[in-house]
Amino acid sequence: MGGVDPDTSADAGIAVRWMGVKTVRGALEQVVRRRPGDVITAAMLVTTIAFTMVQFLADRGVLGLPTTYAVHAPMLIALAPHWREHGLPRTRRAATVMALLMLASIITALSLGQNIGIAVATAGGALAYAIAVGTLYRRRSASWMPRSASQLLRLTGLSVLCSPIPLVVAGYVGVGWSTLVEAPHVALVACLRGAEAMIIGGTTVLPICLAGRPAPRRRPLVLNLVLVAAATTTPWLVPTIPNTPISWVLVLPMVVAAVLTTIRWVAAIAFISCISEMFVPNPPYADLWAGRLPGALGLDLLFGFMPLFALLIALARDHTARLSRQLQEATDAEQDQAALLSRVYEVMTDGMIVADETGTVTVANGAAARLAGVPIPARISDDWVRTVNAQAMDASRMARRQDVGALLAASGDAATVELMLPGDHGDARVLSLSRRRLRTTDRELLLHLITDITAERRAYRELESFAGTVAHDLKSPLTALMGWLETTLDLIGTDGPDGPAKPDRAGMAGLRHAQSAAQRMHGLIDDYLAYAVAREGALHLCDVPLDRLMDELRGFYETDGPQAVSITVAAPHTVHADPSLTRQLLGNLIGNSIKYSRPELGTRVQVRSIDHEPGWVQVQVADRGVGLTPGDEQRIFEAFNRSAKDAGNHAGIGLGLALCSAIVARHGGRIWAEANEWGGATFRFTLPEGVS
């Protein structure tokens with residue numbers, strides 16, 4: 001016979017119940033996550049009802065609790081999630097919450113047999129007290145959660161300062177208007193217990209509800225549960241051992257929690273301890289102030305201010321931890337910065353030495369030792385200078401102390417000398433040693449930079465060689481010119497039988513050769529001088545309208561006849577450049593286009609300008625000439641380099657386009673060339689935009 005296994009049925013039932021529990025828990029978590037303000041309000045409505053019952057029943061002696069005035073505390077906490085602005089809460093939701101709180105307290109009081117006047121006075125006084133504390137607190141606090149000792153102390157002070165407000169409407173049960181005159185000590189006790197309740201609520205329930213996410217570093221749950229158990233049981237130890245000063249055990253769980261757990265757990269443990277104390281049957285205490293104040297008031301106030309002290313300790317702990325973390329982060333950042341700077345020092349190709357005025361070295365990178373050829377000592381001395389074996393550039397002699405050593409410790413803001421270090425194989429290196437003064441908060445240091453300028457000196461020597469080549473190249477056509485002129489003069493000046501001879505064909509040829517040599521020399525001189533000026537001369541910047549400049553150039557280059565030159569211009573832009581160099585730049589490009597034109601297609605050049613990047617103008621010079629050989633697009637801009645295409649049929653030394661490149665570079669732009677659709681070349685360059 002078949003049947004149901006009882007064990008299987010029991011397991012299925014447990015699984016179903018467990019799934020139901022998980023479903024309910026998940027639903028509650030969703031509600032709490034999505035509507036935390038509504039959850040807090042609902043909890044505080046229940047608490048308001050409970051405290052209203054405690055307030056009236058304790059006054060009758062029905063409950064074994066001390067007289068408690070705590071309705072205002074849950075009212076303030078219920079309003080907090082809906083009270084986001086400064087001043088009074090003016091939103092519809094806040095008004096709804098206030099109405100619900102009033103109704104909850106009034107209906108509870110009426111259900112306990114209180115008349116409508118007492119019920120309304122109790123609820124109204126508590127709500128007025130809560131609104132007064134909240135309004136004054138939010139005037140200078142950005143959040144409800146006390147996040148600093150000053151905010152916590154402000155909330156405490158306002159709780160005490162505003163505690164007499166319920167007295168105005170007889171809001172404390174059992175304390176009427178006549179009590180203020182007949183028994184002011186009773187009114188004082190009511191205010192103190194009212195302030196105690198507000199302080200407990202502000203320092204425990206507000207952090208529990210509004211503390212935000214817990215700290216990433218959580219304490220074990222076992223520790224928190226042990227502290228909760230201790231906070232629950234320690235209030236019951238006090239009455240069990242009378243006449244013994246063991247009240248310190250009440251504070252111990254809170255202090256331990258303040259040191260070891262999060263803000264939310266500190267508040268929860270303090271709250272549990274205070275609630276537990278309400279139900280402890282404390283022994284009778286001797287009355288205070290000549291019998292006018294109840295003896296248990298001291299213990300009540302102790303429990304009211306214990307959460308305050310615990311939260312102060314926790315806030316101070318978190319503040320210290322935050323400062324420590326910030327200090328550690330700042331220290332790590334400084335260490336990272338120092339490591340980065342140290343790495344930068346080491347990868348620098350220039351040597352760097354930081355020393356004080358006595359020559360004591362503070363910082364020296366590896367490049368300094370490599371350039372000096374010897375390790376950098378802890379202090380610059382005459383012996384180290386002699387070891388370096390540096391020689392002054394002005395004479396072949398050892399650099400003296402005043403050449404190197406004194407430079408490292410001399411006064412003044414800046415100085416630079418050039419030194420030569422002979423190599424082992426005759427390959428001497430030239431170094432530039434410069435000094436800059438560094439002023440720190442407590443002392444002055446000297447920054448020494450060592451730069452290897454051997455390549456620059458080599459370039460200078462090449463320039464000198466270039467100058468010699470230029471002199472030779474200029475001298476050759478000049479010598480030829482002088483020879484042809486002399487021959488021509490001899491031919492013209494020879495007397496015949498009929499008088500001086502007229503120039504014959506040979507004489508005319510000599511004149512033409514002389515003219516050609518003179519033109520060649522003139523062109524060489526112009527190219528050399530323009531190239532030198534473009535690389536080294538000072539710029540005189542102003543706004544140059546391209547259309548006006550092209551009007552001048554067109555008149556110089558355009559011709560009519562069989563070998564006509566036609567230049568089309570569409571350049572409406574204005575550039576901010578040196579006028580002379582800009583004229584030289586466009587003239588060279590146009591002349592280059594005319595030189596490499598194809599007569600069978602006609603010499604036609606197009607010059608136009610277009611917008612480039614913001615602040616820059618692109619100028620284009622296009623021709624229908626012989627074009628470019630692939631691979632020559634950038635090489636033709638180097639000095640003494642020419643395109644291999646049809647170069648043998650055209651005179652030149654390869655400085656024209658190099659001059660164009662130098663001019664554009666001096667203005668911060670760039671130049672490039674590319675083949676165009678007509679088979680010729682298009683040269684493009686950029687210049688800074690001027691004001692049109």
Side-chain angles (χ1 to χ4, degrees), residues 51-52 54-61 63-76 105 109 114 117-137 152-204 235 238 247 250-251 270 274-275 277-278 280 282-309:
F51 280 166
T52 301
V54 169
Q55 184 170 265
F56 287 109
L57 294 178
D59 182 61
R60 295 179 184 176
L63 298 177
L65 299 172
T67 302
T68 302
Y69 307 108
V71 180
H72 47 270
M75 287 185 174
L76 177 65
S105 181
Q114 300 294 327
I118 294 177
V120 173
T122 302
L127 184 60
Y129 185 10
I131 291 177
V133 173
T135 302
L136 295 175
Y137 177 73
L152 194 61
L153 294 176
R154 187 183 308 118
L155 180 60
T156 302
L158 292 174
S159 300
V160 176
L161 183 65
C162 297
S163 60
I165 289 179
L167 294 175
V168 178
V169 294
Y172 291 125
V173 177
V175 182
W177 294 329
S178 59
T179 308
L180 298 174
V181 178
E182 298 173 357
H185 61 283
V186 176
L188 176 62
V189 172
C191 292
L192 289 177
R193 282 180 168 163
E196 172 196 0
M198 186 67 84
I199 293 170
I200 292 175
T203 56
T204 60
V238 177
S247 298
L250 303 175
V251 187
C274 292
I275 295 298
E277 190 271 340
M278 292 177 59
V280 173
N282 289 309
Y285 293 91
D287 291 341
L288 305 174
W289 195 14
R292 296 184 178 182
L293 298 180
L297 180 62
L299 188 60
D300 291 343
L301 294 178
L302 174 63
F303 271 91
F305 285 94
M306 277 194 307
L308 171 64
F309 295 139

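Listed for the Y69 side chain is a donor-acceptor partner under 3.5 Å among the backbone atoms of V173. Looking only at distances, no side-chain donor or acceptor of T135 sits under 3.5 Å from a matching main-chain atom of A132.
Taking T122 as the reference, nothing meets the side-chain hydrogen bond (donor to acceptor under 3.5 Å, both in side chains) condition, with sequence neighbours excluded.
In plain terms, the two heavy atoms of I199 and S159 that are nearest each other are CG1-CB, 3.9 Å. Across every non-hydrogen atom of F56 and A109, the tightest pair is CE1-CB, 3.5 Å. Listed here is the closest heavy atom pair of V169 and G125: CG2-CA, 3.6 Å. Nearest heavy-atom pair, A121 versus A170, reported as atom, atom and distance to 0.1 Å: CB-O, 3.9 Å. A pairwise comparison of heavy atoms in L76 and A130 identifies CD1-O, 3.4 Å as the closest pair.
Taking CD from Q55 and CD from Q114, the interatomic distance works out to 9.5 Å, rounded to the nearest 0.5 Å. Taking OG1 of T156 as the reference point, atom CD of E196 lies at 12.5 Å (rounded to 0.5 Å). Expressed to the nearest 0.5 Å, how far OH of Y137 lies from CG of L158 amounts to 9.5 Å. To the nearest 0.5 Å, the span separating OG on S163 from OH on Y172 amounts to 5.0 Å.
The aromatic rings of Y129 and H72 lie tilted to each other, with the angle between the two planes from 30° to 60°.
With a 4.5 Å cut-off on side-chain heavy atoms, V133 and L161 do not count as touching. Between M198 and C162 the shortest side-chain heavy-atom distance does not fall below 4.5 Å.
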* Take C191 and L167, measure what side-chain contact (heavy atoms from CB on, under 4.5 Å) needs, and give me the verdict at the end. => CA-CA 8 Å; C191 292; L167 294 175; 3.5 Å; yes
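Among T204, L155, L152, I200, the one residue that satisfies the side chain to side chain contact (heavy atoms under 4.5 Å, CB included) test with L308 is L152.
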